[in-house]
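Working notes, beginning with the structure itself.
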Protein chains: 2
Amino acid sequence: MNTRTLCLGILFFEDMTGYEINKLAAEGRFNHFIETSYGAIYPTLNKLTEEGLVSLRQEANDGKPTRKIYALTETGRDTLFSALQEEPKADIFKSEFLFICLYSHYLNSGYVNTVLNKQLTRLNEGLNRLGSAFEKCEHKGSKFAIGYGVALHRAAINYINSHRHLLDDENEALHDNAAEAAE
Amino acid sequence: MNTRTLCLGILFFEDMTGYEINKLAAEGRFNHFIETSYGAIYPTLNKLTEEGLVSLRQEANDGKPTRKIYALTETGRDTLFSALQEEPKADIFKSEFLFICLYSHYLNSGYVNTVLNKQLTRLNEGLNRLGSAFEKCEHKGSKFAIGYGVALHRAAINYINSHRHLLDDENEALHDNAAEAAE
DNA sequence: GTTCACATGTAACAGGTTACATGATTGG
DNA sequence: CCAATCATGTAACCTGTTACATGTGAAC
């Protein structure tokens with residue numbers, strides 16, 4: 001997903017400032033499947049304005065920089081919908097966590113435990129965020145997307161809890177004994 | 001995950017050519033949480049060789065370009081393990097599929113169905129690939145990582161099957177009627 | 001006979017990240 | 001008083017993608 005389509009897509013739902021778009025994408029109800037940053041959003045919004053895909057109104061904001069509120073134009077809406085009809089690329093999942101797990105047996109087991117716990121913490125935080133977003137949200141498409149995130153988060157948490165012993169050297173010994181006993 | 005660490009990490013398990021590293025990362029048992037490409041791997045391997053983190057032996061290969069087989073050096077192993085002990089970044093998940101779902105009610109329902117089916121097909125293919133990788137694999141760390149992928153794939157498939165009606169306009173009508181009846 | 005797998009690599013380009021720069025207000 | 005939130009933006013940099021370039025042998 002490029003930043004262009006992302007901006008158009010979010011503005012489809014509501015007029016917003018760049019700051020708010022970033023917040024929604026980075027912390028809001030879309031954060032589990034979108035990546036972005038200010039450095040990408042602000043220049044994109046300027047380009048989009050030049051091209052007439054979004055329009056801009058400004059609101060004074062004492063002390064703080066003027067709020068620049070963007071709205072999708074008709075051309076913008078058309079561009080969004082033709083982008084939406086292009087063959088979606090396959091989902092991308094990248095996990096340094098899993099990469100580390102690959103080497104768990106060559107790493108200090110205390111460290112591995114820390115990594116596992118940290119991952120669980122992150123997943124639980126994500127789950128909570130999604131849960132409250134789900135309750136606040138009325139829009140079906142968004143509910144579907146949030147629910148998808150919830151399902152994946154739960155699956156990951158359950159998996160880690162029920163399989164973390166595989167990465168544990170002490171249980172490995174027990175495991176081996178059990179395997180021997182079974183033979 | 002940068003390509004550097006990826007190459008070191010894969011070479012930790014086995015000596016390999018760049019071609020094979022790419023295959024493993026793109027189609028093999030690591031493909032569900034790693035992204036890469038030839039254009040990234042070949043230059044990285046050259047740099048790594050210069051820096052002495054990997055060593056290189058060449059094997060003639062009639063007609064085809066000489067096979068360049070890389071192996072991790074001691075320095076390389078050290079570098080890998082210190083990278084492994086840096087705080088892992090949060091997992092990244094990007095989904096154009098979910099982005100499209102957000103707009104399902106403004107899109108042609110036949111198209112939405114096609115997108116859903118395509119996503120299911122991809123997930124099922126991924127699941128099969130992971131399943132056969134799991135059977136072939138003896139290494140516990142890898143099994144954990146593959147199992148994680150299996151769990152997430154299954155969760156996604158189940159979720160889509162049980163919630164796709166939310167994106168369906170015809171069921172929406174039914175749904176609305178039910179809601180009215182409840183009022 | 002054509003496509004796929006093997007096998008390496010380059011180069012232009014796109015895209016995004018990070019850090020920097022600025023500054024008021026609010027809450028703890 | 002310090003940190004966080006609001007609010008915008010730039011610029012250097014890094015990283016990786018895409019397409020191109022080349023060529024054999026096997027399978028269908």
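Reckoned from all heavy atoms, side chains included, excluding hydrogens, waters and symmetry mates. Order of the sequence lines sets the chain letters (A, B, ...), proteins ahead of strands, with each chain counted from 1.
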Steps toward salt bridge (Lys or Arg N to Asp or Glu O under 4.0 Å) verdict (Glu138(A), Lys143(A)): CA-CA 7 Å; Glu138(A) 291 301 313; Lys143(A) 283 204 143 187; 5.5 Å; no
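- Rounded to 10 degrees, the angle between the two end axes of the helix from dG1(C)-dC28(D) to dG28(C)-dC1(D) is 60°, with five pairs used at each end.
- Contact between Cys101(A) and Phe144(B) at its shortest, heavy atoms only, is SG-CE2, 3.6 Å.
- To the nearest angstrom, P of dA7(D) lies 17 Å from CG of Asn46(A).
- Contact check on Arg122(A) versus Asp91(B) returns no salt bridge, with no Lys/Arg side-chain nitrogen under 4.0 Å from an Asp/Glu carboxylate oxygen.
- With no hydrogens or angles considered, no side-chain donor-acceptor pair links Asn124(B) and Thr121(B) at under 3.5 Å.
- In this entry the distance linking OH of Tyr42(B) with C1' of dA11(C) reads 16 Å, nearest Å.
- The existence of a salt bridge linking Lys68(A) and Glu20(A) is excluded, since no basic side-chain nitrogen approaches an acidic carboxylate oxygen closer than 4.0 Å.
- Cation-pi check for Lys94(B) over Phe33(A) is not met; the charged atom does not lie both under 6.0 angstrom from the ring centroid and within 45 degrees of its normal.
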Pairs under 3.5 Å (N/O, protein and nucleotides 4-6 of chain D):
unit_1, atom_1, unit_2, atom_2, d
dC6(D), OP2, Tyr19(A), OH, 3.0

Steps toward side chain to side chain donor-acceptor pair (under 3.5 Å) verdict (Asn2(A), Thr5(A)): CA-CA 6 Å; Asn2(A) 55 18; Thr5(A) 312; 2.6 Å; yes
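- With rounding to whole Å, Leu56(B) atom CG is found 15 Å from dA7(C) atom P.
- Separating the CG atom of Leu45(A) from the C1' atom of dG9(D) is a distance of 12 Å, rounded to the nearest angstrom.
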Pairs under 3.5 angstrom, nitrogen or oxygen only, protein versus nucleotides 26-28 of chain C, please.
none

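- Counted by atom type alone, Asn22(A) and Glu27(A) present zero donor-acceptor pairs between their side chains at under 3.5 Å.
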